[in-house]
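To start, the structure under review is shown below, and the notes come after it.
Keep in mind that what you see is a predicted model, and the values were worked out from it rather than measured.
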Amino acid sequence: MNRISLLSLLLLVSLTGCIKESDFNFSKSRGIEIDGTYGTALFNDEFTALEMLKRYDSLNQIFINDEGYISYIAGQNSSSLIGNDYIVLTDQTFSNSMSISPSVITAFNSASIGTSVFDSSTFDWVMNLNPYEIDSIIYKEGTLNLQLSSTLTIPVSISFMFESLLQPNGNSFSNNFTIPSASSASSNTDISGYKADLTLNGSNTNRLRVKMLVRLDKQSVSDNILPGQQLNYDLNFQNQKFKRIFGYFGNEPLSIPTKNLEIGLFELASGQGNIVAEDPRLNLYFDNTYGMKVQIQTLSPFMAKKQDASLIPITGVTLPFSIERPQNIYDSKQSKLTLKSPQVNVKQLIESKITEIIFGAGAKINPDGITKNFALDTSRVTMTSEIELPFYGSFKNFGFEDTSDFTPPKDAEIIEYAEIKLIVENTLPIGLNFQIYFLDSSTNQTVDSLFKDFDQTHVIPSANVDANGKVINTVHKTTFFRVNQAMLKKLNERNATKIRIRAEALSFNNGNTPVKVFPDNKIVIKAGVKVKAKGIIKQ
């Protein structure tokens with residue numbers, strides 16, 4: 001109503017009945033002479049507790065708990081440790097040399113022109129992957145680099161075959177080189193999509209068998225191989241990342257990164273109120289998609305931040321806590337750890353009106369010993385933290401404030417008074433004190449207030465509860481509040497163009513008795529207005 005005269009609005013509603021605003025122009029009321037008392041109903045609405053809360057629950061944080069009353073999730077945040085960030089495959093290098101065997105040297109040196117003589121070597125490339133004992137890898141990315149040099153004084157052809165390194169088409173990977181006399185050669189192969197079996201047909205781990213075939217071509221009578229001449233080679237796996245990996249991942253420590261869980265429940269609180277939560281819970285959810293058991297051994301850091309930025313340690317958590325492994329590679333395994341009072345100091349946290357939970361975790365994998373593990377590049381151990389607040393507790397003087405713009409009516413000289421009648425029926429175990437202050441626009445100082453005595457500000461009284469905190473009756477209250485001509489003139493003269501709304505909530509028995517809020521607890525509010533005025537409407 002900021003830009004519409006309060007008098008004009010009330011009079012038009014009373015004289016024309018229930019007409020949509022779009023059906024007429026308020027300016028038509030200008031010039032009308034009035035003299036009398038006018039009254040009309042303003043509204044008659046009913047709200048259940050669940051309806052009121054759900055109206056502002058865009059994040060679906062309000063729910064009905066197993067006990068049948070309302071709970072609220074005050075915040076939720078997750079921290080994850082993802083596949084390739086945890087299982088890191090370091091670069092692997094295998095360097096060796098091959099001397100031509102004496103029998104091959106003799107055969108080659110005595111061979112006729114146009115003859116080819118062959119030599120071969122088979123070796124196991126032992127990967128330094130500690131603490132991992134890997135059976136197989138399907139690569140997401142990586143490079144296989146081969147570098148060769150020859151001290152032979154004749155050209156040489158070399159073929160490398162990796163019997164258990166399979167290309168995407170299923171064939172074993174091989175690479176062929178022709179190296180001039182006393183020269184070198186190299187190659188780089190993208191191994192994305194390749195599969196490496198590192199078991200040597202099931203008997204080992206971390207091993208890749210490589211066969212090297214050498215062909216020597218006699219091209220002239222002067223082609224000879226001298227003893228001590230050799231071939232040198234370096235094999236390198238670089239920048240490896242897996243798409244799938246199988247084996248034993250050790251029992252090394254695992255760290256879940258630190259995260260902050262912001263709790264906005266107390267953002268609007270004035271800081272003066274006291275809240276007692278009877279059954280708050282700090283829930284920790286774990287989701288494991290690695291094929292390995294994870295044991296949470298420490299929650300560190302694990303603390304809460306208050307409104308003044310000071311920290312409260314979260315204490316009393318019983319550890320270790322085990323997260324089981326899924327049985328299939330595309331499945332997940334969920335676990336939940338609920339922290340409650342009196343073991344854990346959750347009540348102290350809530351009653352301190354905390355703003356954040358700071359959490360991280362230290363863990364160990366495979367705590368039961370050696371077992372077969374698996375992981376995808378997308379595998380993760382996720383830790384999700386949330387505060388769950390069942391609406392079971394008590395509070396007093398729990399204040400909220402807000403400031404907004406306001407335009408006082410310009411027809412003050414023809415208004416003797418405007419009186420609003422407010423009727424409340426309440427089955428909520430919560431009461432509300434309410435006040436509106438009119439502020440000077442230049443100084444923000446209070447010019448006047450809507451209610452003149454404390455009893456008027458206690459707009460909504462609390463219903464009574466039984467020993468279990470459940471409402472047992474309906475309370476009724478009728479409140480009258482009046483705005484007179486002197487007040488309206490004062491607001492105009494002092495340029496009161498802002499209002500500050502102050503609300504204070506308290507539960508049954510002045511916040512000294514725990515209460516529960518059920519979905520069907522409700523409040524019915526009825527309001528009507530009566531205006532006495534004489535004069536000509538100008539605005």
Side-chain angles (χ1 to χ4, degrees), residues 78-94 125-145 162 164-166 168 189-200 202 204-208 235-259 286-298 320-335 360-384:
S78 299
S79 179
S80 296
L81 189 65
I82 303 173
N84 277 298
D85 293 336
Y86 172 57
I87 302 172
V88 178
L89 300 175
T90 57
D91 291 350
Q92 299 293 312
T93 299
F94 183 86
W125 182 357
V126 181
M127 310 284 184
N128 181 18
L129 293 171
N130 291 330
Y132 312 135
E133 298 176 12
I134 303 303
D135 294 335
S136 64
I137 303 170
I138 296 176
Y139 284 101
K140 181 178 182 179
E141 57 186 76
T143 302
L144 173 57
N145 174 261
F162 296 76
S164 55
L165 179 63
L166 303 180
T189 302
D190 182 358
I191 58 173
S192 302
Y194 282 47
K195 177 180 178 180
D197 181 355
L198 305 182
T199 66
L200 297 186
N204 285 276
T205 60
N206 296 355
R207 293 172 184 261
L208 188 65
L235 286 64
N236 301 279
F237 276 127
Q238 298 176 336
N239 304 316
Q240 305 167 87
K241 290 190 176 181
F242 63 85
K243 188 173 182 64
R244 295 194 290 276
I245 189 167
F246 302 83
Y248 170 59
F249 301 157
N251 61 354
E252 298 297 299
L254 177 153
S255 179
I256 299 177
T258 299
K259 275 278 191 177
F286 299 93
D287 188 6
N288 182 21
T289 58
Y290 286 97
M292 61 188 187
K293 185 175 181 178
V294 179
Q295 187 179 78
I296 303 297
Q297 297 187 319
T298 61
F321 176 77
S322 292
I323 309 168
E324 297 300 325
R325 53 169 280 171
Q327 296 304 308
N328 300 306
I329 193 166
Y330 293 106
D331 291 342
S332 64
K333 193 74 174 180
Q334 290 83 32
S335 303
K364 185 178 182 180
I365 66 172
N366 295 319
D368 301 330
I370 296 178
T371 185
K372 292 299 183 182
N373 306 136
F374 56 79
L376 298 168
D377 58 322
T378 56
S379 292
R380 63 185 64 209
V381 176
T382 300
M383 176 179 170
T384 301

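Note: Gln327 CD to Lys333 NZ = 7.5 Å, rounded to the nearest 0.5 Å. Here Asp85 contributes atom CG and Arg380 contributes atom CZ; the two are 9.5 Å apart, rounded to the nearest 0.5 Å. The distance from the CD1 atom of Ile191 to the CD1 atom of Ile138 is 12.5 Å, given to the nearest 0.5 Å. Atoms CG and CD1, from Leu254 and Ile296 in turn, are 7.5 Å apart once rounded to the nearest 0.5 Å. Going from atom OG of Ser136 over to atom CD1 of Ile245 covers 8.0 Å, rounded to the nearest 0.5 Å. A distance of 14.5 Å separates OG of Ser332 from CZ of Phe286, quoted to the nearest 0.5 Å.
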Could you give me the CA-CA distance, side-chain angles and deciding distance for Ser164 and Leu208, then say whether side-chain contact (heavy atoms from CB on, under 4.5 Å) is met?
-> CA-CA 7 Å; Ser164 55; Leu208 188 65; 3.2 Å; yes

Checking side-chain contact (heavy atoms from CB on, under 4.5 Å) for the pair Thr205/Asp135: CA distance, chi angles, key distance, verdict?
-> CA-CA 5 Å; Thr205 60; Asp135 294 335; 3.3 Å; yes

Derivation and outcome, side-chain contact (heavy atoms from CB on, under 4.5 Å), residues Phe246 and Lys372 = CA-CA 7 Å; Phe246 302 83; Lys372 292 299 183 182; over 6 Å; no

Check the pair Leu144, Phe162 against side-chain contact (heavy atoms from CB on, under 4.5 Å), reporting the backbone distance first and the verdict last.
-> CA-CA 11 Å; Leu144 173 57; Phe162 296 76; 3.9 Å; yes

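The heavy-atom pair separating Val381 from Ile256 by the smallest distance is CG1-CD1, 3.9 Å. Nearest approach of Phe249 to Asn373, heavy atoms of both residues: N-OD1, 2.8 Å. In terms of heavy atoms, Tyr132 sits closest to Tyr86 at OH-O, 3.4 Å. Residue Met383 comes nearest to Ala361 through the heavy atom pair SD-CB, 3.7 Å, listed as atom of the first residue, atom of the second, then distance. Heavy atoms only, all atoms of each residue included: Ala375 and Phe242 are closest at O-CE1, 3.9 Å. The shortest non-hydrogen separation linking Gly142 to Asp190 is O-OD1, 3.3 Å.
The backbone N or O of Gly83 sits less than 3.5 Å from a side-chain atom of Tyr290, completing a donor-acceptor pair. Side-chain atoms of Ser322 never come within 3.5 Å of backbone atoms of Gln295 as a donor-acceptor pair (strictly under, hydrogens ignored). Ser79 places a side-chain N or O within donor-acceptor distance of the main-chain N or O of Pro257, the cut-off being under 3.5 Å. A donor-acceptor pair is defined here as one N or O able to donate and one able to accept, closer than 3.5 Å; such a pair exists between the side chain of Gln92 and the backbone of Thr90.
None of Asp368, Asn288, Asn366 except one satisfies the side-chain hydrogen bond (donor to acceptor under 3.5 Å, both in side chains) rule with Lys293; the exception is Asp368. Between Arg207 and the choices Asp197, Thr199, Ile134, Leu200, the side chain to side chain contact (heavy atoms under 4.5 Å, CB included) rule is met once, by Leu200.
Contact check on Glu252 versus Lys364 returns no salt bridge, with no Lys/Arg side-chain nitrogen under 4.0 Å from an Asp/Glu carboxylate oxygen.
When side chains are defined from C-beta on, Glu141 counts as touching Lys241, because their heavy atoms get closer than 4.5 Å.
No side-chain N or O of Gln238 forms a donor-acceptor pair with one of Asp91 less than 3.5 Å apart. At a cut-off of 3.5 Å, with distance as the only test, a side-chain donor of Asn236 or Thr93 sits close to an acceptor on the other residue. Between Ser78 and Thr384, the side chains place a donor N or O and an acceptor N or O closer than 3.5 Å (distance only, hydrogens not considered). Remark: the Thr143 side chain and the Asn145 side chain contain no N/O donor-acceptor pair separated by less than 3.5 Å.
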